[in-house]
Amino acid sequence: MRMLVVVASLLLSLVLLSCSGSKYYVDGPSYKKQARGYAGVYRQVPPENQGLKAVDTTGRKRWIGTVNFGIRKPNYVVLHHTAQDSVGQTIRTFLSSKREVSAHYIIGRDGSIVQMANDYFRAYHAGVGKWGNDTDLNSSSIGIELDNNGTTDPWPDIQIATLIQLLDYLKSTYNIPQANFIAHADLAPTRKVDPHHFPWKSIAEKGFGYWYTEEELITPPAGFDPKIGLKVIGYDVSNADAAIKAFKIHYIQENEESAELSEHDLSILYAIYQKYL
């Protein structure tokens, strides 16, 4: 009996860790149960425990279902690095109800890809943060975790190639604006630095996020306020130093520990700011 338990545990581990094949479908009973629960909410006609229940107008309220509606769709894509040692470890993390963290997709260093949540579901990847006026990025975005330790790991071409294919699909399917491909560090500058040392220029050239050309780098006009520039781009400037560091992680990629902006840094900030006007 003990041997059977050991074999069963080994087989489960191999399933979780074998993500390199073109087909990787593992549906846990917990995912199916939660999905069925949400489907039940959508099927309620009239919907239960919503606005009509809260309004006290006895005899003067009714439900009339419109024919003009659809499913809410994502409007942002947030990129992360896993800061873990393998795709398998990240999968185990996302299967732990105690951790309460997840993402829609994981992309391995070998270009493999795992989807862990329906695009329309709210994955728990962004956490506390803000981008522009959006204070709930979990509800408005797709989260993509890239297998990378965030310090010494390179970004393999094959991994970025898979990412670009996925981004192209998401952008065209959900009509996501070019400006709305952002970093976890962008929306949570006091907490996060990911994805670190990421090739943003390469994906911006494909239409995912903004970058700058050398010709666009000019001295900002007198009176240009970097704090306003950061706010227009989308950064939460309630902690200006953290916002500057997050901007530097994304666009400068050197001297990121300092909240000082050199003349060159300011010219880059001004060039990016101009794209959001």
Side-chain angles (χ1 to χ4, degrees), residues 73-81 126 129-137 140-144 146 155 160 163-190 192-256 258-277:
K73 66 180 183 66
N75 194 45
Y76 289 91
V77 172
V78 179
L79 301 186
H80 309 252
H81 66 232
K130 182 180 180 183
W131 187 249
N133 292 321
D134 193 332
T135 58
D136 184 7
L137 271 296
S140 59
S141 68
I142 295 283
I144 302 174
L146 299 160
W155 294 99
I160 300 304
L163 173 64
I164 288 172
Q165 289 183 62
L166 176 59
L167 295 182
D168 186 58
Y169 166 80
L170 296 173
K171 182 180 183 181
S172 59
T173 301
Y174 303 119
N175 197 27
I176 299 175
Q178 180 173 351
N180 290 7
F181 293 81
I182 61 175
H184 198 191
D186 291 331
L187 69 94
T190 61
K192 299 295 181 179
V193 298
D194 62 311
H196 207 224
H197 303 308
F198 184 73
W200 285 105
K201 182 177 184 290
S202 296
I203 70 166
E205 289 172 347
K206 301 290 185 180
F208 312 113
Y210 288 134
W211 201 252
Y212 56 89
T213 64
E214 290 300 317
E215 292 74 23
E216 293 173 325
L217 300 184
I218 62 173
T219 301
F224 173 68
D225 186 342
K227 188 173 179 180
I228 292 177
L230 289 166
K231 186 173 183 178
V232 168
I233 293 169
Y235 289 96
D236 177 4
V237 294
S238 58
N239 184 327
D241 284 359
I244 290 171
K245 291 177 182 179
F247 176 83
K248 292 174 74 172
I249 288 171
H250 190 137
Y251 294 102
I252 311 298
Q253 300 194 351
E254 61 182 26
N255 196 24
E256 301 156 357
S258 169
E260 297 294 324
L261 291 167
S262 68
E263 290 186 10
H264 183 65
D265 298 342
L266 282 170
S267 68
I268 294 173
L269 172 56
Y270 186 70
I272 300 299
Y273 156 78
Q274 289 286 102
K275 297 177 186 294
Y276 283 83
L277 296 179

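Only this structure's heavy atoms are used, side chains among them; waters, hydrogens and symmetry mates stay out. All of these numbers come straight from a predicted model, not from anything done at the bench.
- Distance CG/Leu187 to NZ/Lys130: 12.0 Å, rounded to 0.5 Å.
- Between the side chain of His184 and the backbone N or O of Ala126, at least one donor-acceptor pair lies under 3.5 Å.
- Proximity of Asp194 to Leu146: side-chain heavy atoms (C-beta onward) are nowhere separated by under 4.5 Å.
- Between atom CD1 of residue Ile233 and atom CG of residue Leu269 there is a gap of 5.0 Å, rounded to the nearest 0.5 Å.
- The salt bridge (Lys or Arg N to Asp or Glu O under 4.0 Å) analysis of residues 266-277, with sequence neighbours excluded, yields the pairs Glu216-Lys275.
- Pairing each heavy atom of Gly229 with each of Tyr273, the nearest pair is CA-CD1, 3.6 Å.
- In this structure, Phe247 CZ and Ile272 CD1 are separated by 6.0 Å, a value rounded to the nearest 0.5 Å.
- Ala246 and Pro189 make their closest contact through CB-CB, 3.6 Å (heavy atoms, listed as atom of the first residue, atom of the second, distance).
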Under 3.5 Å, which donor-acceptor pairs link side chains of residues 201-209 to any protein atom two or more places apart or in another chain?
residue	atom	partner	partner atom	Å
Lys201	NZ	Glu205	OE2	2.5

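- Considering only residues two or more places apart in sequence or on other chains, Ser140 meets the side chain to side chain donor-acceptor pair (under 3.5 Å) condition with Asp134.
- Val77 has its side chain out of reach of Leu166: every pair of non-hydrogen atoms, C-beta onward, lies at least 4.5 Å apart.
- The CD1 atom of Ile142 sits 12.5 Å away from the CG atom of Asn180 when rounded to the nearest 0.5 Å.
- Between Ile244 and Pro226 the shortest side-chain heavy-atom distance does not fall below 4.5 Å.
- Scored by the side chain to side chain donor-acceptor pair (under 3.5 Å) test, Thr135 finds no partners at all (sequence neighbours excluded).
- A donor-acceptor distance shorter than 3.5 angstrom exists from the side chain of Ser172 to the backbone of Tyr169, with no hydrogens or angles considered.
- For residues 231-242, every residue pair satisfying the side-chain hydrogen bond (donor to acceptor under 3.5 Å, both in side chains) rule, not counting sequence neighbours, is listed here: Asp186-Tyr235, Asp236-Ser238.
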Exercise. Check step by step if side-chain contact (heavy atoms from CB on, under 4.5 Å) holds for Phe181 and Tyr210.
Key: CA-CA 9 Å; Phe181 293 81; Tyr210 288 134; over 6 Å; no
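- Judged as a side chain to side chain contact (heavy atoms under 4.5 Å, CB included), and not counting sequence neighbours, the contacts of Pro195 are Leu79, His81, Trp155, Ala183, Phe198, Trp200.
- Applying the side chain to side chain donor-acceptor pair (under 3.5 Å) rule to Asp265 yields the partners Ser262; only residues at least two apart in sequence or on another chain are considered.
- Under the rule for a side chain to side chain contact (heavy atoms under 4.5 Å, CB included), the partners of Ser258 that lie at least two apart in sequence or sit in another chain are Lys248, Asn255, Glu260.
- Going from atom CD of Gln253 over to atom CD1 of Ile268 covers 10.0 Å, rounded to the nearest 0.5 Å.
- How far CD of Gln178 is from CD1 of Ile176: 12.5 Å, rounded to the nearest 0.5 Å.
- For Tyr174, the side chain to side chain donor-acceptor pair (under 3.5 Å) partners two or more places apart in sequence, or in a different chain, are Asp119.
- Residues satisfying the side chain to side chain contact (heavy atoms under 4.5 Å, CB included) test with Glu214, not counting sequence neighbours, are Tyr212, Leu217.
- A search for side chain to side chain contact (heavy atoms under 4.5 Å, CB included) contacts involving Gln274 returns Tyr270, Leu277, not counting sequence neighbours.
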